[in-house]
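To start, the structure itself, in structure tokens.
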Amino acid sequence: MGRQFFVGGNFKMNGTIKSITDIVHHLNSAPLDPKTEVVIAPPGLFLLLVREHLKSEIEVCSQNVFDKSNGAFTGEISAEQLNDSKIGWALCGHSERRAILGEQDEFVASKTKAALDGGLRVIVCCGETLEQRESDKTIDVVTTQLKAVAEKTKDWSKIVIAYEPVWAIGTGKVASTQQAQEVHSAIRKWLADNVSKEAAEATRIIYGGSVSEKNCKELAREEDIDGFLVGGASLKPAFVDIINAKQ
């Protein structure tokens, strides 16, 4: 049995009650590929609103999770709180949090472990900057980021890996189909060599970085691209076309 195609929508710090409610109503009524798993990540303020109104077939994801279960951690949210609120997923290691908030590999790994231990499933992000790509360090950077996670958890059955080249996020630049496939293939080989062959075969590796309705079908045809993590396009009606990329 093949890996189920996966499309995540990361709304980032965008939206209002009205605009996000409109997106939810659109997704509820749109014809979505039943073979594709869909997860959306609204801003934290709107998680409960979305979960209440979104149809049950679509999961809701927190854009952040802390690595402690409770306590004096102002502004943070725990896996237990998310799980209790019927929020089934968390996003860890997005390049914006790494770059802007200084989240290091070890902290991302700790958050990932806490999320898994707290009953969540996790989208773990990895990716290189343009300077790192031009220095031919892409695979080293990506596998170092994933190695930190592998050191804290051995069970990858509830992890989706999102490869997002930093230079392609929100820039309109997209890794070529060949570039994306090469990195996805290298990640799968790394999983086989460092986690297990079973994990390599079963773990979904999705692509993020200016994915649109125009390029999604070509990317979706690649052997090791199991879906997408979509940013800006997830706020638009065209998100449905990306969800249906395999049709």
Side-chain angles (χ1 to χ4, degrees), residues 1-63 82 85-91 94 120-123 125 158-164 168-170 172 174-175 177 180-181 184 202-247:
M1 184 176 176
R3 296 179 295 272
Q4 183 181 14
F5 202 69
F6 182 103
V7 175
N10 178 15
F11 294 3
K12 307 190 181 184
M13 198 178 71
N14 293 300
T16 61
I17 290 174
K18 184 184 185 306
S19 68
I20 287 178
T21 301
D22 287 345
I23 291 170
V24 167
H25 289 330
H26 180 64
L27 290 174
N28 284 344
S29 60
L32 305 181
D33 186 347
K35 295 180 181 178
T36 295
E37 183 171 9
V38 182
V39 175
I40 61 172
L45 183 61
F46 304 126
L47 284 168
L48 290 176
L49 172 74
V50 171
R51 183 62 286 166
E52 181 181 355
H53 294 284
L54 187 66
K55 61 185 179 182
S56 60
E57 296 93 324
I58 301 177
E59 291 275 0
V60 182
C61 175
S62 174
Q63 295 178 18
L82 291 168
S85 302
K86 306 293 189 293
I87 308 301
W89 287 80
L91 198 61
H94 194 282
L120 303 181
R121 288 172 284 176
V122 182
I123 302 170
C125 301
K158 294 182 178 180
I159 292 177
V160 169
I161 297 171
Y163 166 60
E164 296 196 302
I169 298 174
V174 185
T177 304
Q181 166 59 24
H184 281 236
T203 302
R204 289 170 293 180
I205 306 170
I206 63 176
Y207 173 76
S210 298
V211 175
S212 72
E213 73 278 13
K214 296 175 183 176
N215 57 34
C216 62
K217 285 188 176 291
E218 181 181 353
L219 287 161
R221 284 195 287 267
E222 292 300 315
E223 180 181 358
D224 292 299
I225 297 178
D226 302 315
F228 306 111
L229 183 58
V230 184
S234 67
L235 301 165
K236 303 173 183 176
F239 185 46
V240 170
D241 297 324
I242 300 171
I243 292 170
N244 295 332
K246 292 289 276 187
Q247 286 186 329

What's the shortest heavy-atom distance between [X] and [Y], and which atoms?
X: T36; Y: Q4; answer: C-NE2, 3.9 Å
X: A220; Y: A245; answer: CB-CB, 4.1 Å
X: T177; Y: L219; answer: CA-CD2, 4.0 Å
X: P42; Y: F11; answer: CA-CD2, 3.7 Å
X: E223; Y: R3; answer: O-NH2, 3.3 Å
X: I225; Y: F5; answer: O-CE1, 4.1 Å

Notebook entry, point to check: Given L229, which of L91, V7, V211 fulfils the side chain to side chain contact (heavy atoms under 4.5 Å, CB included) condition?
Noted result: L91

Check for a donor-acceptor pair, side chain of [X] on one end and backbone N or O of [Y] on the other, with a separation under 3.5 Å.
X: E59; Y: V39; value: no
X: H184; Y: I205; value: yes
X: D226; Y: I206; value: no
X: N244; Y: P31; value: yes
X: S29; Y: H25; value: yes
X: K217; Y: Q247; value: yes
X: N215; Y: S210; value: yes
X: Q63; Y: N10; value: no
X: S85; Y: I87; value: no
X: K158; Y: L120; value: no

Note to self: Side chains of L82 and L47, heavy atoms from C-beta outward: is any pair under 4.5 Å?
What the structure shows: yes

Notebook entry, point to check: With under 30° as parallel and over 60° as perpendicular, where do the rings of Y207 and Y163 fit, or are they tilted in between?
Noted result: tilted

Output the distance between atom [atom1] ([X]) and atom [atom2] ([Y]), rounded to the nearest 0.5 Å.
X: R51; Y: S56; atom1: CZ; atom2: OG; value: 7.0 Å
X: F239; Y: I23; atom1: CZ; atom2: CD1; value: 9.0 Å
X: N14; Y: I20; atom1: CG; atom2: CD1; value: 8.5 Å

Next item on the list: Decide salt bridge (Lys or Arg N to Asp or Glu O under 4.0 Å) for E37 and R204; before the verdict, give the C-alpha distance in whole Å, the side-chain angles of both, and the deciding distance to 0.1 Å.
Entry: CA-CA 11 Å; E37 183 171 9; R204 289 170 293 180; 2.7 Å; yes

Notebook entry, point to check: Should we say atom NZ of K86 is surrounded by more than 12 heavy atoms from elsewhere, each under 6.0 Å from it?
Noted result: no

Check: Could E213 and K236 be called an ion pair, given the rule that one side-chain N must be under 4.0 Å from one carboxylate O?
Finding: no

Margin query: Let's go through W89 and V160 carefully: what are the C-alpha distance in whole Å and the side-chain angles of both, what is the deciding distance for side-chain contact (heavy atoms from CB on, under 4.5 Å) to 0.1 Å, and is it a yes or a no?
Written below: CA-CA 10 Å; W89 287 80; V160 169; 3.8 Å; yes

